[in-house]
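A short worksheet on the structure shown next.
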Amino acid sequence: MTAFSVENENGIAVVTFDLPGEPVNKLTGDVMDEFGSLLSRLGEDGMVRGVVLISGKPDNFIAGADIEQFSRLRSAAEASALSREGQEIADRVAGFPKPFVVAIHGACLGGGFELALACHWRVISDSPKTQLGLPEVQLGILPGVGGTQRLPRLVGVRAALDMILAGKSERADKAYRLGMADEIVPESILRQTAIAAAERIVRNGPPRRAHKGGAQALFLDRTPIGRRIVYAQAEKQVRERTGGHYPAPLASIEAVKTGLERGLNAGLKEESRLFGELAMTDVSRNLVQIFFATTALKKDDGVPGAAALKVSPVRRLAMVGAGFMGAAIAGTAVLNAEVEARLKDADLPKVGKGIRGARRILDDRLKRRRLKQPKYEQLVALLSGAADYSGFLRADLVIEAVFEDLDVKRRVLAEVERETRDTAIFATNTSTIPIGSIAAGSARPEQVIGMHFFSPVEKMPLLEVIPHAGTSAETVVRAVRFGRKMGKTVIVVGDSPGFWVNRILLPYMNEAGILVREGVPIDLIDRTMTEYGFPVGPVTLLDEVGLDVGAKVAKVMHGAYGDRLEPSDALERMLADGRQGRKNGRGFYEYRDGKKAGPDASVYSLLGVTPQENTPAATVERRLLYAMLNEAAMAAHEGVIRTPRDGDIGAIFGIGYPAFRGGPLRTIDTLGPARVADTLRELAGIYGHRFRPSASLVAMADRGEKFYPE
Ligand code: 3H9
């Protein structure tokens, strides 16, 4: 393999890294070996006075260590050794006897950024494609090529921890401002600038960097007492954010601390030791799987043989219904897919409100400097609207987000079909109505599809695309690709009530209602599930979604699936008392000035129960979790999802199922299908038939099968 080529430019060796046959540069074992030999050669070569490292890939510098190799690691010792090898190469770069400059354009992440940190001078392109960072904790590991050591020394301990602990990367301008790079230039002069920098260092000696920040920064970054405060704060924040479920951020603090307090060598040693430990955890294995699942979904168009189909991209969107959802879908489409979005609603004030709602999403980006003013203006101009169907003739895709009622949706469909070109797709953003029944009266049923967005649309990463029996493959591909352009991870799911996400969520929410109805304290229920790893508990979620909406979905699902999904009367009673949740400031919780306060104690008397403070959390967890697991197994076996991968990604991105657990189907595998079936039988014995394990789960357990191959 020759991943590196070298050109000598007047004594500066320009090393181009271009991993053959791969879309991105990765640091594999072979790459590191080759780079190591190259370093020896360049070090000895008398014709070389300095080195510039650059990438040969169009928009990628180095994506980090090869994540695939992690799954082949068999022991912590093996993983630590991998980290040590990486560190040794980085040390050799840092101690290279000649100036070593790096020229970065595109993603420079993980081990790639760590290698860059070891270089003597960093030049970056100002392109939006350029991003620098250490995303390792998102994979359940820590930066293992010296990143926990060199980044704090370069940008200060606070800025470094901020980045490492969240696993976030920074765009070029911010990276430059933080001191992660020394020079920022247009891509067209990146190479020359780096060569010039190398020549300058040859002439003038090593550069000096001024310490950023004032007296406070000096105290917090440069004194042991100051740093102790920083570590303690960081630890507290991590514990709050992760509930102790993610070991990597805490281990990162440990590695940073060891290095700054006991020296670089001690720090590197601790870093590789911790890397080894973390790489062996289930948390890391699950997070790595999620990385590969989301990457695979970026290329998955939802139908076999999609590449051979002739489909044109969606260039113009029209929305029917400019309410909260409609506006957010339009705003997100304009922001990410940069398409025209036309909004229609019953009257102009509603349309105006919708356009303002869509624009708020752009305003927010502008405020947070994610959009520059000219781009913002260009995007705002893509939004328009009317109280009639004018402009709909231009649309390639119409999404309806009107009232959740079959007749209304059918009427809208008929109108849209009259007002649009016969190539236009009609997508419905329903969450409960079967797509097939909406399409039943359609003149072009092959172009009718479901696109189920989650609220808030601009933030929630998931989109369910739902073809009905008559939807054409081309329509699926167009909808999936457009969803992806909107920035969503898209799963294609079956057209049965609740689709996938609401299907598995509903029994869980029902069980929460039943628990409340038994007097189990509201905060106990929620705390139990946040401790399990959900971002919010089910009762809070009910308040957020709206009790009216929750009750409606529960009714539809009960009708569709029968007794098993019979809800308690908790929601009906709450609604009869005028409680709709957060939106009207009255729900299971109290709201003061729009902010959620504690549980509303009057709920218990309203429901005629006394709070059962002594209910064991383990019981609450089992009932809620197993309700979801059973339904997930059943729906998966019915074919609602195409693969367990889609199901788990849907649960993680759609309802915040704890990522470190890998998703509900992965959880069943981890616990063992036989054990899950046994627990369900036990629960059914105590609480009734709704917990009876599905026949397919029992059959799976009997056959000794799992959802994922070992
Ligand atoms: C690390 O560095 C640990 C060290 O500190 C310590 C080590 C001892 N490995 O996403 P895309 C593949 S941990 C393996 O579609 P984009 C990806 O699977 C690493 N494969 O492109 C896909 O493969 P395929 C820390 C990787 O332009 C193809 O490349 N780094 C890796 O939308 C194209 O990817 C990260 O966590 C990798 N590191 O986005 C960064 N990276 O064609 C992870 C990519 O077979 N990567 N692939 O489906 C990313 O965030 C994005 O891929 C990136 C490009 C932004 C780079």
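Nothing here was measured: the structure is a model prediction, and the numbers come from that model. Counting convention: from 1, in listed order, for ligands and their atoms alike.
Taking the side chain as every heavy atom from C-beta outward, Y176 and D126 never approach each other to under 4.5 Å.
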Between ligand 1 and the protein, find all N/O pairs closer than 3.5 Å and give the distance for each.
residue: ligand 1; atom: 2 (O); partner: A65; partner atom: N; Å: 2.8
residue: ligand 1; atom: 2 (O); partner: G111; partner atom: N; Å: 2.8
residue: ligand 1; atom: 5 (O); partner: E114; partner atom: OE1; Å: 2.6
residue: ligand 1; atom: 5 (O); partner: E136; partner atom: OE2; Å: 2.5
residue: ligand 1; atom: 5 (O); partner: G144; partner atom: N; Å: 3.0
residue: ligand 1; atom: 9 (N); partner: A65; partner atom: O; Å: 3.4
residue: ligand 1; atom: 9 (N); partner: I67; partner atom: N; Å: 2.8
residue: ligand 1; atom: 10 (O); partner: K298; partner atom: NZ; Å: 2.7
residue: ligand 1; atom: 30 (N); partner: A63; partner atom: O; Å: 2.9
residue: ligand 1; atom: 32 (O); partner: K298; partner atom: NZ; Å: 3.0
residue: ligand 1; atom: 38 (N); partner: A63; partner atom: O; Å: 3.2
residue: ligand 1; atom: 38 (N); partner: A65; partner atom: O; Å: 2.9
residue: ligand 1; atom: 42 (O); partner: K299; partner atom: NZ; Å: 2.8
residue: ligand 1; atom: 48 (O); partner: K299; partner atom: NZ; Å: 2.2

Can you give the donor-acceptor pairs under 3.5 Å from side chains of residues 99-119 to other protein atoms, not counting sequence neighbours?
residue: H105; atom: ND1; partner: S125; partner atom: OG; Å: 2.8
residue: H105; atom: NE2; partner: P58; partner atom: O; Å: 3.4
residue: H105; atom: NE2; partner: D59; partner atom: OD1; Å: 2.8
residue: E114; atom: OE1; partner: G111; partner atom: N; Å: 3.3
residue: E114; atom: OE2; partner: G144; partner atom: N; Å: 3.3
residue: E114; atom: OE2; partner: V145; partner atom: N; Å: 2.7
residue: E114; atom: OE2; partner: G146; partner atom: N; Å: 3.3
residue: E114; atom: OE2; partner: G147; partner atom: N; Å: 2.7

For residues 160-173, which side-chain N or O atoms pair as donor and acceptor with protein atoms under 3.5 Å away, sequence neighbours left out?
residue: D162; atom: OD2; partner: K168; partner atom: NZ; Å: 3.3
residue: S169; atom: OG; partner: Q131; partner atom: OE1; Å: 2.8

Can you list, pair by pair, the side-chain donor-acceptor contacts under 3.5 Å of residues 644-661, counting residues two or more places apart and other chains?
residue: R645; atom: NH2; partner: D300; partner atom: OD2; Å: 2.8
residue: D646; atom: OD1; partner: T643; partner atom: OG1; Å: 3.3
residue: D646; atom: OD2; partner: R642; partner atom: NE; Å: 3.3
residue: D646; atom: OD2; partner: R642; partner atom: NH2; Å: 3.0
residue: D648; atom: OD1; partner: L665; partner atom: N; Å: 2.8
residue: D648; atom: OD2; partner: R666; partner atom: N; Å: 3.1
residue: D648; atom: OD2; partner: Y708; partner atom: OH; Å: 2.6
residue: Y657; atom: OH; partner: Y532; partner atom: OH; Å: 3.0
residue: Y657; atom: OH; partner: T667; partner atom: OG1; Å: 2.7
residue: R661; atom: NE; partner: Y532; partner atom: O; Å: 3.0
residue: R661; atom: NH2; partner: Y532; partner atom: O; Å: 3.0

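A salt bridge is defined here as a Lys NZ or Arg NE, NH1 or NH2 lying under 4.0 Å from an Asp or Glu carboxylate O, and E464 with K488 fails to meet this definition.
For the side chain to side chain contact (heavy atoms under 4.5 Å, CB included) criterion with M451, the lone passing option out of V490, L397, V480, I466 is L397.
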